[in-house]
Student: 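My structure is below; once you've seen it, I'll send some questions.
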Amino acid sequence: MSDFVMTIGGDSVPAVDSFGVVNPANGEVFAHAPECSREQLDGAFDAASKAQRDWKSDESARRATLLAMADVLLASSGELAPVLTAEQGKPLGEANIEVFASAIWCQYFANLETPPQVIQDDAEARVEVVRRPIGVVGAITPWNFPLTLAFWKIAPALLAGNTLVLKPSPFTPLTTLKVAELLRGVMPPGVLNVVSGGDELGAWMTGHPVPRKISFTGSIETGKKVAQSAAPDLKRVTLELGGNDPAIVLDDADPAVVSRAIFAGAFNNNGQVCSAIKRVYVPESLYDQVVDGLAAQASAITVGDGTEAGTKLGPINNAPQFERVKELVADAISHGATAATGGKAMDRPGYFFEPTILTDITDGTRIVDEEQFGPALPVIAYRDIDDVVERANATHFGLSGSVWGADAERAAEVAGRLECGTAWVNTHLALAPQQPFGGFKWSGIGVENGPWGLAEFTEIQAVHRSKGADGLNITIGGLVS
Ligand code: NAD
C-alpha cells in the first residue's frame, strides 16, 4: 500500500518526511504516512478558517453534504476496510462495520433538527436561544476505532457550521487520510483537512491560535495535557478518555447467558474499546459457573490475522500496548491471580495475546485498578451488593458500567448507583448516534452524540428582540432599572 497523502484546502499534500505504519498482524511496516510540518499545519488551519466563512452560512448545503459523505463511505467500504484491517488489526468484517457506522453517523446528523427555543414572546420582547458555530475545530483521534470515532466528531462539527483539522493516531493514520481524499469531491475545499504525524503534531494543534475548540478522544494522560494546552486561550474542549468499566452480575442472573454477553462486551475489538467491560464482579454463588463460561469462550474463539476468514479477534494494535497487556497480566499472576485460560503472548509474529480470563483476583491488583485495553479480563468474587457498588465506584474512571440480572428493575436500580456516563442493564457497548456518550470524573469532559454532542460544537446565543419603541426597556429579571 502506498500513496497516502494529507488533504489540506482540498488538495493532496505529500510531506517531505514520512513515518512507517506497522501491520500488527506481523509487526512489519507496510506503508508510510506523511509527517505534517508546522507550516503545513498552519496551512491546514488557514484553509479551515477561510472555508468556514461560507460553510457556516448555508445549513441546507451542510445537511446535503453530510448525506453525500455517507454515500461516499457506503460506496467505499471495499477500498477502506482492507486499509483499516491492515493498520488496526481488526477482522475485515468489523472493519466494514466501522465504515458503515461512520456513514450512519453522517446520516443521523444530516437529519438532526435543533430548532431555536423561544423563551419569551410577550409585549416586552421576543427572546430566542439559538446555537452558533464555534469556528475551526481541531480533532484528535486514537487507534482503536480510527474511522468511527473521527465521524463522531466530523458529522456534528460540520453540521453545526464549523470546519475541521483532523489528526488520526500515528498507529492508524491511513484510513482517515484515504477517507479525506475520497470526500474531497462532495465538500468545498478546506472544510475537512486531515493531517498526519506523531504525538507532537497533536500538541501543536492544541496550542495553535486558530482552532476555537479541541475535540479529543484518547487516554486520560493525554487528555490532561490537551486540557492544559487548550486553557491559555480558553479553547473549548471535549475530552473522551479512558475507562475501566465494571460489570456487576447479580445473584439472580443466568450464568450461561451473562457469561456469553459479558465475553462479547469485554473482548469486542480484542478488548481495545474505551467502554469495554474491564472488570467483572460476580457473586460467590455464581463465580465458578461464570468463570467457566467466560473461559470456555476465550479458549474457543479464533484469534488471527484480520484478513483470514473465520478470524474473530485480531492482534493488539501496537507494540507499546502489547507490552502493557503482557505486563499487567504477568503482574496479576505474580500477585496470586490464576489464568483460567490464556495468560501469555502467542508464539507467532505480530502482537497476538491469548484471550485471558483471570481469577483469584481482587481490587488493588493493577489489572483491576487500571485500564488494560486488551484481551485480558479479571473476574472478582463479591458477597455484598452495597460493598461491590462502592468498589465499582472507587476509581477515577467513570466512563460506563453494566449490571446483569433476571430482575431488570432491581438491576436498573443498582445501575443507577454507578458513577459513570452510561449505565447499561443486561447489555454493554450498546451505542447509538442519538445516545449521549461521555465520562464522569477522569473519563472525560462533555459528551458526544445526540443533540447534546451537537451542542458541544456550538456557542449558545440569546437573541433578544425588544418590542419597546424607544429601546430603553433595560430590565434585570423583569425589574426595570
Ligand atoms: P493517546 O492518548 O495515546 O493518543 C490519542 C491521540 O492523541 C493520538 O492521535 C495521539 O497522537 C494524540 N496525542 C498524543 N499526545 C498528545 C498531546 N500531547 N497533545 C495532543 N494530542 C496528543 O491514546 P491512544 O493510545 O491512541 O488510545 C487509547 C486510549 O483512548 C484509551 O485510554 C481509551 O480508553 C481511550 N479511548 C476513549 C474513548 C472515549 O470515547 N471515551 C474512545 C476510544 C478510546
Side-chain angles (χ1 to χ4, degrees), residues 19 21 24 33 35-36 41 87-88 90 98 101 105 138-153 165-177 194-208 211 214-231 235 237-245 268-278 316-325 328 370-374 396-400 420-422 429 431 435-449 453 456:
F19 58 96
V21 180
E35 183 92 59
C36 183
L41 182 65
E87 66 177 347
Q88 207 287 329
K90 63 186 64 190
E98 188 163 345
W105 254 256
I140 300 173
T141 50
W143 46 259
N144 58 341
F145 290 92
L147 212 52
T148 309
L149 294 176
F151 279 90
W152 285 24
K153 304 179 188 312
V165 176
L166 167 66
K167 186 200 92 69
S169 164
F171 294 113
T172 54
L174 305 178
T175 321
T176 315
L177 290 166
V194 173
V195 294
S196 57
D199 294 350
E200 194 182 37
L201 177 61
W204 293 347
M205 289 172 68
T206 58
H208 199 281
I214 300 294
S215 179
F216 172 83
T217 303
S219 63
I220 289 173
E221 192 187 0
T222 310
K224 289 180 181 176
K225 290 184 195 160
V226 170
Q228 280 178 342
S229 173
K235 290 185 182 79
V237 288
T238 298
L239 303 175
E240 293 286 1
L241 309 179
N244 189 12
D245 287 15
N268 181 279
N269 206 35
N270 214 16
Q272 301 164 120
V273 185
C274 52
S275 53
I277 296 170
K278 300 200 174 109
I316 291 172
N317 172 255
N318 58 71
Q321 187 60 26
F322 183 51
E323 293 305 319
R324 178 169 166 78
V325 173
L328 288 179
E370 299 178 20
E371 182 184 36
Q372 67 273 46
F373 217 62
H396 287 303
F397 296 96
L399 194 55
S400 30
C420 56
T422 305
L429 285 182
L431 300 164
Q435 187 173 307
F437 182 78
F440 286 16
K441 305 192 242 180
W442 287 9
S443 287
I445 293 179
V447 296
E448 297 193 302
N449 302 331
E456 301 236 347

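Just so you know, ligand 1 is whichever comes first in the structure, and atom 1 is the first atom listed for that ligand.
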Student: So is there a nitrogen or oxygen of W143 less than 3.5 Å from a nitrogen or oxygen in ligand 1?
Tutor: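 Yes, at least one N or O pair falls under 3.5 Å.
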Student: Which ligand 1 atoms, with their elements, are less than 4.0 angstrom from a heavy-atom of K225?
Tutor: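 By the 4.0 Å cutoff, the relevant atoms are 18 (N).
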Student: What donor-acceptor contacts under 3.5 angstrom involve side-chain atoms of residues 316-325, with partners at least two apart or in another chain?
Tutor:
unit_1, atom_1, unit_2, atom_2, d
N317, ND2, E87, O, 3.0
N317, ND2, Q88, O, 3.2
N318, OD1, Q321, N, 2.9
Q321, NE2, Q372, O, 2.9
Q321, NE2, F373, O, 2.9
E323, OE2, K326, NZ, 3.2
R324, NE, E371, O, 3.4
R324, NH2, E370, OE1, 3.2
R324, NH2, E371, O, 2.9

Student: Can you check whether S219 has an N/O within less than 3.5 Å of an N/O in ligand 1?
Tutor: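 For ligand 1, there is an N or O atom that lies under 3.5 Å from one belonging to S219.
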Student: Among the heavy atoms of F171, does any lie under 4.0 Å from an atom of ligand 1?
Tutor: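 Under 4.0 Å: no for F171.
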Student: Counting only heavy atoms, which portion of F145 has something under 4.0 Å from ligand 1: side chain, backbone, both, or neither?
Tutor: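 Neither part.
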Student: If you measure from atom 37 (C) of ligand 1 to every heavy atom of S229, C274, A139, which option wins on shortest distance?
Tutor: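 Heavy atom nearest to atom 37 (C) of ligand 1 belongs to C274.
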Student: Tell me the contacting part of E371 for ligand 1: side chain, backbone, both, or neither, using a 4.0 Å heavy-atom threshold, strictly below.
Tutor: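 For E371, only side-chain atoms sit under 4.0 Å from ligand 1.
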Student: Which ligand 1 atoms, with their elements, are less than 4.0 angstrom from a heavy-atom of N144?
Tutor: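 The atoms of ligand 1 under 4.0 Å from a heavy atom of N144 are 43 (C), 44 (C).
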Student: Compare F373, F437, F216, F397 and give the one whose heavy atom is closest to atom 7 (O) of ligand 1.
Tutor: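 Shortest heavy-atom distance from atom 7 (O) of ligand 1: F216.
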Student: Taking the non-hydrogen atoms of P168, is any one of them nearer than 4.0 angstrom to ligand 1?
Tutor: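 So P168 counts as touching ligand 1.
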Student: Considering the heavy atoms of T141, write down every atom of ligand 1 situated less than 4.0 Å from one of them.
Tutor: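 Numbered from 1, ligand 1 contributes 6 (C), 8 (C), 9 (O).
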Student: Could an N or O of ligand 1 be found under 3.5 Å from any N or O of K167, whether backbone or side chain?
Tutor: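 Yes: some nitrogen or oxygen of K167 is under 3.5 Å from one in ligand 1.
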Student: Given W152 and F437, is the ring-ring contact (aromatic ring centres under 6.0 Å, His included) satisfied, shown in steps?
Tutor: CA-CA 10 Å; W152 285 24; F437 182 78; 5.6 Å; yes
Student: Quick check on contacts: which atoms of ligand 1 are under 4.0 angstrom from a heavy atom of G202?
Tutor: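 Checking each atom against G202, I get 19 (N), 20 (C), 21 (N).
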Student: For ligand 1, is there an atom lying under 4.0 Å from some heavy atom of G439?
Tutor: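 No, G439 has no heavy atom closer than 4.0 Å to ligand 1.
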Student: Examine the proximity of ligand 1 to I140 and report which part, side chain or backbone, both or neither, has a heavy atom under 4.0 Å away.
Tutor: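 Near ligand 1, I140 shows its side chain, while the N, CA, C and O stay back.
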Student: L399 versus ligand 1: do any nitrogen or oxygen atoms come within less than 3.5 Å of each other?
Tutor: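 In fact, backbone or side chain, L399 has no N or O that close.
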Student: Any idea which atoms of ligand 1 are less than 4.0 Å away from a heavy-atom of L149?
Tutor: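 Result: 42 (C), 43 (C).
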Student: Near P142, which atoms of ligand 1 are under 4.0 Å from a heavy atom of that residue?
Tutor: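 Result: 24 (P), 26 (O), 27 (O), 43 (C), 44 (C).
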Student: Given V447, V273, D245, D199, which one has a non-hydrogen atom that is nearest to atom 14 (C) of ligand 1?
Tutor: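 Minimum heavy-atom distance to atom 14 (C) of ligand 1 goes to D199.
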Student: Using a strict 4.0 Å cut-off to heavy atoms of L241, name the atoms of ligand 1 that fall inside it.
Tutor: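 Selected atoms, number and element: 37 (C), 38 (C), 39 (C), 41 (N).
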Student: Look only at the side chain of K235 and the backbone of H208, and say whether a donor-acceptor pair between them is shorter than 3.5 Å.
Tutor: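 Yes, because the side chain of K235 sits within donor-acceptor range (under 3.5 Å) of the backbone of H208.
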Student: Any chance you could measure K90, atom NZ, to E98, atom CD, to the nearest 0.5 Å?
Tutor: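 Taking NZ in K90 and CD in E98, the distance rounds to 3.5 Å.
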